[in-house]
Amino acid sequence: MARRKTLRIATFNVNGIRPRLPHLLEWLEKEKPDVACLQELKATDAQFPKEAIEAAGYGALWVGQTSWNGVAVLTRDAEPVESRRRLPGERDDTQARYLEVAAHGVMVGCIYLPNGNPQPGPKFDYKLRWFKRLIRHAKTLVDSEHPVLLAGDFNVVPTDFDIYNPKHWRRDALLQPETREAYATLLAQGWTDTLRELYPDEPMFTFWDYFRQHWERDAGLRIDHLLPNPALWPRVRAAGVDRWVRGLEKASDHAPTWIDLDR
DNA sequence: ATGGCTATATTCTATAGA
């Protein structure tokens, strides 16, 4: 197909790259993102389906782990260049949640922020520690004259407008004041929450859990975010959610979310 | 307050996700 005039960068929590590979390939074929950040691979490095992704026309870098977590960045007709594969600041953190690459001229940080449930507790403490490390690292990137994008599953519902019904989730780690304050602190460095900025009056959900027919009822959450730095923000032209992917049989509970940039 | 569903490894039961 003819190349899109804009550069599309997407984020997609696949909830298991092995069971979701057919959906991933169908999505890449139909939407042709230039860069795709993936989370929740739930696969080791050796289990990553490198050949199928290459055959689809994508280069890839990935950080795998047994059973849980795992992140990857795919680049269309190009190879991503690794910048870092861990978030600095906690030496014995072995969870595969961050991958930073140069891709199509943009520095992209692929993020899988800890869920943090149940809270309070050690998992919530880990989430807040991880968030602080992200904030510290992001500070070194935000003022770059080069374009930088933070993209991924942040496990943050930024405001009550970003969820179908906050009452049902008020004790959830994704809605806690500490979680929201950390996200606000990150944005205050100069990052822009693109989907909310372009769509101030629409919820723009990116996640619908598997329970109680939440997808069928459009009872979703907005937790997957794309945050350009000030150098990149002027190039943003559009953003959206590929909801059709969530509607497929045996879908991930997240939908791919993307932004288009001037090339 | 709980459970509803999906995926994984610890596999017929537990853990994690959000």
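For the numbers below, each heavy atom of this structure counts, side chains included, while hydrogens, waters and symmetry mates do not. Each chain gets a letter, A, B and so on, in the order its sequence line appears, and its residues count up from 1.
Residue-level contact check: A:Gln213 touches neither bases nor backbone, having no heavy atom under 4.0 Å from any strand. Using a 4.0 Å heavy-atom distance criterion, A:Tyr112 is classed as a sugar-phosphate-only contact. Looking at heavy-atom distances under 4.0 Å, A:Asn13 makes contact with sugar-phosphate atoms alone, never a base. Counting any heavy atom pair closer than 4.0 Å across all strands shown, A:Arg97 reaches sugar-phosphate atoms only and no base atom. No engagement by A:Asp253 is indicated, since no non-hydrogen atom pair under 4.0 Å with the nucleic acid exists.
In this model, a donor atom of one side chain and an acceptor atom of the other lie less than 3.5 Å apart for A:Gln39 and A:Thr11.
Not one side-chain nitrogen or oxygen of A:Arg171 sits closer than 4.0 Å to the OP1 or OP2 atom of B:dT2.
Comparing the same atom, P, in B:dT15 and in B:dA1 gives a spacing of 22 Å after rounding to whole Å.
Taking atom OH of residue A:Tyr126 and atom C1' of nucleotide B:dA16, one finds them 14 Å apart after rounding to whole Å. One atom, CH2 of A:Trp130, and another, P of B:dG17, lie 13 Å apart when rounded to the nearest Å.
Taking the side chain as every heavy atom from C-beta outward, A:Leu61 and A:Leu99 approach each other to under 4.5 Å.
A 3.5 Å limit on both hydrogen-bonding distances identifies no Watson-Crick or G-U partner for B:dA18. Pair check for B:dC12 finds none; no Watson-Crick or G-U wobble contact set falls under 3.5 Å.
Annotation: of the two residues near DNA chain B, A:Lys123 and A:His168, the 5′-most nearest-nucleotide partner is A:His168. Nearer to the 5' terminus of DNA chain B, by closest-nucleotide assignment, is the contact made by A:Trp68 (compared with the other of A:Trp68 and A:Asn155).
Ring-plane geometry between A:Phe48 and A:Trp62 is classed as parallel, the angle between the planes falling under 30 degrees on a 0 to 90 degree scale with a further cut at 60. Between A:Phe154 and A:His225, the angle of the ring planes lies from 30° to 60°, which puts this pair in the tilted group.
A:Thr194 contributes a side-chain N or O that, together with a main-chain N or O of A:Leu226, makes up a donor-acceptor pair within less than 3.5 Å.
Salt-bridge formation is detected for the pair A:Arg222/A:Asp193: a Lys NZ or Arg NE/NH1/NH2 atom is positioned less than 4.0 Å from an Asp or Glu carboxylate oxygen.
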Walk me through whether A:Phe161 and A:Met204 qualify under side chain to side chain contact (heavy atoms under 4.5 Å, CB included). CA-CA 10 Å; A:Phe161 185 58; A:Met204 304 301 289; over 6 Å; no

Taking only nitrogen or oxygen atoms into account, show me every contact under 3.5 Å that the protein makes with nucleotides 4-6 of chain B, one pair per line with its distance.
| from | atom 1 | to | atom 2 | distance (Å) |
| --- | --- | --- | --- | --- |
| B:dC5 | O4' | A:Tyr210 | O | 3.3 |

